[in-house]
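Only a predicted model underlies this, so the values are computations on that prediction, with no experimental measurement involved. The sequence lines fix the lettering, A, B, ..., with proteins before strands; numbering per chain opens at 1.
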2 protein chains.
Amino acid sequence: MAASTLTEVARLAGVSPATASRVLNGSARTPGKDIAERVRQAADSLGYIPNAQAQGLAKSSSGLIGLIVHDIADPYFAAIARGVQDAAREQRKMVLLATTGGGPAEEKEAVAAFAARRADSIVIAGSRSCRAEDQEGNAQLAAELDRYCRNGGRVAVVGHPVVGATALEGYHVVEVPNQELAGRLATELAAGWDGDFVIIGGPDGLYTSDDRVRGFQEGLARAGHRPAEVLRSAFNRSGGYEAGLQLAARIKAASAGNPAAPKLCIFAVNDVMAIGAAAALRSEGLRIPRDASIAGFDDIETLRDFRPALSTVRLPLEDIGRLATRATRPRPAGQDQEAASDEAVTGEVTLRRSTEAAAV
Amino acid sequence: MAASTLTEVARLAGVSPATASRVLNGSARTPGKDIAERVRQAADSLGYIPNAQAQGLAKSSSGLIGLIVHDIADPYFAAIARGVQDAAREQRKMVLLATTGGGPAEEKEAVAAFAARRADSIVIAGSRSCRAEDQEGNAQLAAELDRYCRNGGRVAVVGHPVVGATALEGYHVVEVPNQELAGRLATELAAGWDGDFVIIGGPDGLYTSDDRVRGFQEGLARAGHRPAEVLRSAFNRSGGYEAGLQLAARIKAASAGNPAAPKLCIFAVNDVMAIGAAAALRSEGLRIPRDASIAGFDDIETLRDFRPALSTVRLPLEDIGRLATRATRPRPAGQDQEAASDEAVTGEVTLRRSTEAAAV
DNA sequence: ACGAATCGGGAAAGCGCATTCCCTCTGTTT
DNA sequence: AAACAGAGGGAATGCGCTTTCCCGATTCGT
């Protein structure tokens, strides 16, 4: 990658590199009209493009925002990514993408890579875990983030704080009220439901999943309902599918013994899992909501045309990405550090046909 | 973003920066064991992270791959992005993301930004257009790409070449056989179908859409079928929805006049549009495939659980992203330039329930 | 055993740009 | 009219790293 340099432009325009630099990037000092014009023309005719690496080196700031997701093809992350991208454009920055598959070790790698590139800020969208096997990885990730922040980097994490990260200057968390919303969902569902609830959760220790499970149970309790059984599975479509197969067998067994057996209401901790579970039930000849109700979480856009329409909790994913990105932007001096960073994320319980009790 | 520098590491280890550089990055010259160890320890204790910007400046190569998409939240692009990301990891590079909304002007901006960052290569996933209004933008984009390539950059574009781009060193196109596959789809659909076909296409001038429309018509012709009417609409879900509303009205009118009117088979040029159209039909009380057949294109993963299962053409999107990214990798010397770059992309017609003629 | 080839290390010159400092030239003040 | 600010331009330095180039110390060949 060679290209024409500022020096060449300056030479062509017959001025010093310093002057050329001043006219081509809004410096505090503004050269004279005629000279500016000459430089601009020279730059144009040479097709000059400033070398951002060199600029970054000189100014020690890269104009880069690092985004860490599990999997960019997952619509949940894709939606957040869109928000991040959008906010990045506002800040006239570019986004560097890292997909990690979910392990804290890879996330640590990604943070290090971003730090190496001197990214101005980092947004971590992947959900945190506190499984024993991730403990060491989490510690390393926390250490890496610590270092990054100490060096002036800013980071925002979506959902839960990174385990073990000490509250640092420049470390923000965009809280997502998973627990509360799951509780509300449970309450609303329990209102018109007598049968049992079953929760299809992600692996134990995944905060996002655990919060939603806990919240849902609390909601049930508030509604005077007995707690739901919890099935653990992978946090993706096939996890939902497998759990769905189990439940299908159970449902069929129950209705075989007693045709009037009370229906089951399934809560999958995210939409993608819910869809997987629904597919499993269907493949076993069961119908929703006739034979079982099902609800998800996230309200993934691509899934809204799914039938029966999925009851879920709408999360403003794009906004979440935007918020996280904005939180990393250095506050205008007078502003309180905390003030703007806590624009709360709110969700909305959205009941649709997949849990219509009327179909009982 | 300050951090410890190579010089500091060198000083701590009591060696010259040159030596430190040599041990910390695999150089051709390998310093002695003991010294290497000392340097490594020093680096470790200082938490040294090399400054990629400076490295890039010195080596004039950034380890960056630029990816241009219309919208990262669109599952089509998200799938390609996953492939790109994957291939980038293979090459130990990071991906810079730019979303443009589809206009060539913004794409040009993105290319310039990537060039400024000295990205080693650029993958353009957005589909090309030859609408009159885009003409100037296309020319500018082509010029920008030209310049980028002349400066040693490598670019791969998915689908169609950029209009007006002269075949340059380092310019690759990953051909997607849209036309042929659409033709095959048409042929297979026409085999069991007597009624009319209608195509829901994207805006006129969008190559991806036009190719699929043209191919489909050719396929119909080959099957001895009369050509399909073409409805133009936006290249997204709501475009499909709107066209779907029109068609719903038409279908209802036809069956009102003649209850035994032959069914319509709708081909939407991509899955997302097809889903939109299906939603529109459903909202008008029509059922698929009872009242109309519908087929899409792409076989978006997230949409596979949609019911009725959508007939479509499976495209290996992730592979396409991977292929495009690999195509930009400089060939090992002995290799023919063309040899590997033409690993053909193939798709597969996938008939599912949404076009089941048996339901007639 | 002596010059030649090599090995391991350091000094220094950039890579392309921003920026500080200095200088000259103008326009202004008393 | 002398002194002085200030504007506009250039020389030079440094950002952090890679990479020649150079040099003393080994090892090798015959």
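OP1 or OP2 of C:dA18 sits under 4.0 Å from a side-chain N or O of A:Asn25. For B:Ser16, no side-chain nitrogen or oxygen approaches OP1 or OP2 of C:dA11 to under 4.0 Å. Checking the phosphate oxygens (OP1, OP2) of C:dA18, a side-chain nitrogen or oxygen of A:Gln55 falls inside 4.0 Å. A sub-4.0 Å separation between OP1 or OP2 of D:dC15 and a side-chain N or O of A:Ser60 is absent.
One interatomic measurement links the two molecules: CG of A:Leu24 to P of C:dT19, which rounds to 14 Å at whole-angstrom precision. In this structure, A:Leu6 atom CG and C:dG14 atom C1' are separated by 16 Å, rounded to whole Å. Look at NZ on B:Lys33: it is 13 Å from P on C:dG9, rounded to the nearest Å. As a whole-Å value, the separation of B:Asn51 CG from C:dC17 P is 16 Å. Here the C1' atom of nucleotide D:dC17 and the OH atom of B:Tyr48 are 7 Å apart, to the nearest Å. Atom P of nucleotide D:dC17 and atom CZ of A:Arg118 are separated by 7 Å, given to the nearest angstrom. Computed from coordinates, the A:Arg38 CZ to D:dG9 P distance equals 9 Å when rounded to whole Å. In this structure, the CG atom of B:Leu57 is 11 Å from the C1' atom of D:dT18, given to the nearest Å.
The pair A:Asp120-A:Arg154 fails the salt-bridge criterion, with no side-chain N (NZ, NE, NH1 or NH2) lying under 4.0 Å from an Asp/Glu carboxylate O. Contact check on B:Glu8 versus B:Arg11 returns no salt bridge, with no Lys/Arg side-chain nitrogen under 4.0 Å from an Asp/Glu carboxylate oxygen.
With distances taken from any side-chain atom of A:Lys59 to the nucleotides C:dT19, D:dG10, C:dG16, the minimum falls on C:dT19. Side-chain atoms of A:Thr19 lie closest to D:dG10 of the nucleotides C:dA18, D:dG10, D:dT19. For B:Val15, taking side-chain heavy atoms from C-beta onward, the closest of the listed nucleotides C:dG16, C:dG10, C:dA18 is C:dG10. Which of D:dG10, C:dA12, C:dC17 sits closest to the side chain of B:Ala18 comes down to C:dA12.
For the pairing with A:Ile68, the side-chain contact (heavy atoms from CB on, under 4.5 Å) check across A:Leu97, A:Val157, A:Val111 returns one residue only, A:Val111.
Backbone-only engagement by A:Pro50 is indicated by non-hydrogen atom pairs under 4.0 Å involving sugar-phosphate atoms exclusively.
Side-chain to base pairing of B:Arg22 with C:dG10: one donor and one acceptor N or O lie within less than 3.5 Å of each other.
In this structure, a donor-acceptor pair under 3.5 Å is present between the side chains of B:Asp134 and B:Ser129.
Sequence neighbours left out, not one pair with a member in residues 40-49 of chain B passes side chain to side chain donor-acceptor pair (under 3.5 Å).
For the pair A:Ile49 and B:Pro17, nearest-nucleotide mapping onto DNA chain C gives the more 5' position to B:Pro17.
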